[in-house]
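Values below: every heavy atom of this structure, side chains too, minus hydrogens, waters and symmetry copies.
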Amino acid sequence: MKLLYDNLSKDVSKRLTRAYSTSFSLGIRFLSKEIQQPIYNIYGFVRLADEIVDSFHDFEKEELLNEFRASTKLAIDRKIALNPILNSFQETVHRYNITQDLIDCFLDSMEMDLKKCEYNQNDYEKYILGSAEVVGLMCLKVFLNGDEKEYQRLKPDAMSLGSAFQKINFLRDLQADFNELDRTYFPNVDMSKFNDEIKKEIEKDIEKDFKKGLEGIKKLPKKARFGTYMAYIYYYKLFVKIKNTKAESILVERVRIPNNKKYMLFCSSFLRHKLNLI
């Protein structure tokens, strides 16, 4: 029965999410049950593409990414795939009307990681749009269950939140991106001269995105609001830690929140929610 395979595919997406991202997995658990699986399915798809460009160094990355792009389109056209991650993703694409332009935009940004080492302002904005903002829009499609009017209303806020998350990732991963992958995402920044002043300018930009993103979270339907807020809380705590870290330290080590502190953070936020303090 195909139902057995479909259920297996969804389980693979869920397991992949939990294996790769503790924080994202915890955030998903605070979403209403009905929308948890579709978000696992989206994350599984995004994670596979990201792994191709970030981790598979001993293989032909461009060839793998091209095959992944073609397999994704074929899975959507056929409504089935032998790759379990793509099988669960295509089901979510059809159910929530995730448009092809969002998928193409994401894959285009992954392709940029194969070739670009330094980004100008246009490259920077294009990369953030594809790697983060459209992923937020895919999730928004699920949250709103096909309500196009609400989607258009909340679209700018969702994009701002995705942008904030990605820019924080850039700062968090600065050491690995620059020293190991030879990438510089922030435009017009000479990494050999990266200092606290440059870092503060980047942080001001992130604060603006955070503020707009939070406004959007408050407008989300109840089933999606708290889980998304949990992701916001986690990233904001990470942002505060980065702000309190010297630029010279960020260049040599990855800023992170240990798993035990993540659990404490999510639990305390959940209790405040239950007590109507947030």
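- Remark: the backbone N or O of E150 is paired with a side-chain donor or acceptor of D147 at under 3.5 angstrom.
- The ring-ring contact (aromatic ring centres under 6.0 Å, His included) test with F165 is passed by exactly one of F239, F24, Y235: Y235.
- A pairwise comparison of heavy atoms in L251 and M191 identifies CD2-CE, 3.6 Å as the closest pair.
- Residues F106 and A49 come closest through the heavy atom pair CE2-CB, 3.6 Å.
- Y96 meets the ring pair (Phe, Tyr, Trp, His ring centres under 6.0 Å) test with no other residue; sequence neighbours excluded.
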- Kindly indicate, with the supporting measurements, whether the criterion side-chain contact (heavy atoms from CB on, under 4.5 Å) is fulfilled by D104 and D101. CA-CA 5 Å; D104 288 340; D101 63 306; 5.7 Å; no

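- Aromatic rings of Y232 and F210 (six-membered ring for Trp) have centroids within the 6.0 Å cut-off, being under it.
- In plain terms, the two heavy atoms of I76 and Q100 that are nearest each other are CD1-OE1, 3.9 Å.
- A chain of hydrophobic side-chain contacts below 4.5 Å, direct or via other Ile, Leu, Val, Met, Phe, Trp or Tyr residues, connects L174 to V240.
- A donor-acceptor pair under 3.5 Å links the side-chain atoms of K199 to the main chain of K243, judged by distance alone.
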- Taking it one step at a time, do I52 and M110 satisfy side-chain contact (heavy atoms from CB on, under 4.5 Å)? CA-CA 9 Å; I52 290 172; M110 294 298 97; over 6 Å; no

- Task: Show your reasoning for whether salt bridge (Lys or Arg N to Asp or Glu O under 4.0 Å) applies to K115 and E111.
- Result: CA-CA 7 Å; K115 302 172 183 176; E111 188 174 337; 3.5 Å; yes

- Task: Would you check, one step at a time, whether the test side chain to side chain donor-acceptor pair (under 3.5 Å) holds for K167 with S163?
- Result: CA-CA 6 Å; K167 290 170 185 176; S163 178; 3.3 Å; yes

- Query: side-chain contact (heavy atoms from CB on, under 4.5 Å) between K79 and Q90: does it pass, once the steps are laid out?
  - Reply: CA-CA 6 Å; K79 298 185 179 181; Q90 66 79 23; 3.7 Å; yes

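- Relative to the ring axis of Y151, K141 places its NZ or CZ within 45° and under 6.0 Å from the centre.
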- Item | side chain to side chain donor-acceptor pair (under 3.5 Å) between E91 and N87, worked out | CA-CA 7 Å; E91 190 274 336; N87 189 57; over 6 Å; no

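- Judged by distance alone, with hydrogens and angles left aside, the side-chain atoms of N66 form a donor-acceptor pair with the main-chain N or O of E62 at under 3.5 Å.
- Linking Ile, Leu, Val, Met, Phe, Trp and Tyr residues whenever their side-chain heavy atoms come within less than 4.5 Å places L114 and F59 in a single cluster.
- Panel note: side chain S109, backbone S131; a donor-acceptor pair is recorded below 3.5 Å.
- No side-chain donor-acceptor contact under 3.5 Å links E133 to the backbone of I128.
- Aromatic ring centroids of F68 and F45 lie under 6.0 Å apart.
- Heavy atoms from other residues, nucleotides or ligands lying under 6.0 Å from CD of E215 number more than 12.
- Smallest separation of non-hydrogen atoms from M138 and I98: CG-CG2, 3.8 Å.
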- Message: Run the side-chain contact (heavy atoms from CB on, under 4.5 Å) test on F143 and L31 for me, step by step, so that the C-alpha distance in whole Å, both residues' side-chain angles and the decisive distance to 0.1 Å come before the verdict.
- Response: CA-CA 9 Å; F143 296 162; L31 297 171; 4.1 Å; yes

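- Atom NZ of K61 has more than 12 heavy atoms from other residues, nucleotides or ligands within 6.0 Å.
- In this structure, R15 CZ and L8 CG are separated by 9.0 Å, a value rounded to the nearest 0.5 Å.
- The CD atom of E148 lies 13.5 Å from the CZ atom of R153; values are rounded to the nearest 0.5 Å.
- Checked against side-chain contact (heavy atoms from CB on, under 4.5 Å), K218 has the following partners two or more places apart in sequence or in another chain: L214.
- D108 has a carboxylate O that lies under 4.0 Å from a charged side-chain N of R69, or vice versa, which qualifies the two as a salt bridge.
- Both V46 and F56 belong to a common hydrophobic cluster when Ile, Leu, Val, Met, Phe, Trp and Tyr are linked at side-chain heavy-atom distances under 4.5 angstrom.
- Within the 4.5 Å cutoff, side-chain heavy atoms of L129 are placed close to those of C105.
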- Message: Let's go through Y185 and D113 carefully: what are the C-alpha distance in whole Å and the side-chain angles of both, what is the deciding distance for side chain to side chain donor-acceptor pair (under 3.5 Å) to 0.1 Å, and is it a yes or a no?
- Response: CA-CA 10 Å; Y185 290 108; D113 270 337; 2.7 Å; yes

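- Side-chain atoms of S25 and T17 form no donor-acceptor pair, as typed in the model, at a separation below 3.5 Å.
- Contact record, G213 with S160: N-CB, 4.1 Å, taken as the closest heavy-atom pair.
- We find the CD1-CD1 distance between I85 and I42 to be 12.5 Å, quoted to the nearest 0.5 Å.
- Looking at residues two or more places apart in sequence or on another chain, you find a salt bridge (Lys or Arg N to Asp or Glu O under 4.0 Å) between D157 and K212, K219.
- Remark: side-chain polar atoms of T22 are not paired, donor with acceptor, to backbone N or O of R18 under 3.5 angstrom.
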- Item | Residue pair E197, K200: steps toward the salt bridge (Lys or Arg N to Asp or Glu O under 4.0 Å) verdict | CA-CA 5 Å; E197 185 177 345; K200 285 179 182 178; over 6 Å; no

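- More than 12 heavy-atom neighbours from other residues, nucleotides or ligands sit within 6.0 angstrom of NZ on K2.
- The aromatic ring centres of F186 and F170 sit less than 6.0 Å apart.
- Considering every non-hydrogen atom in both G130 and V135, the closest pair reads O-CG2, 4.4 Å.
- Summarising the local packing, NZ of K223 is surrounded by more than 12 heavy atoms from other residues, nucleotides or ligands at distances under 6.0 Å.
- Side-chain N or O atoms of Q37 include one that pairs as donor or acceptor with a backbone N or O of K10 at under 3.5 Å.
- Judged by distance alone, with hydrogens and angles left aside, the side-chain atoms of T245 form a donor-acceptor pair with the main-chain N or O of K241 at under 3.5 Å.
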- Query: Can you list the steps and then say if R47 with D50 is a salt bridge (Lys or Arg N to Asp or Glu O under 4.0 Å)?
  - Reply: CA-CA 5 Å; R47 185 76 254 171; D50 198 49; 2.8 Å; yes

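- Between the side chain of R183 and the main chain of D177, no donor-acceptor pair closer than 3.5 Å is present.
- Put simply, the side chain of K14 never gets that close to the backbone of Y40: no donor and acceptor are under 3.5 Å apart.
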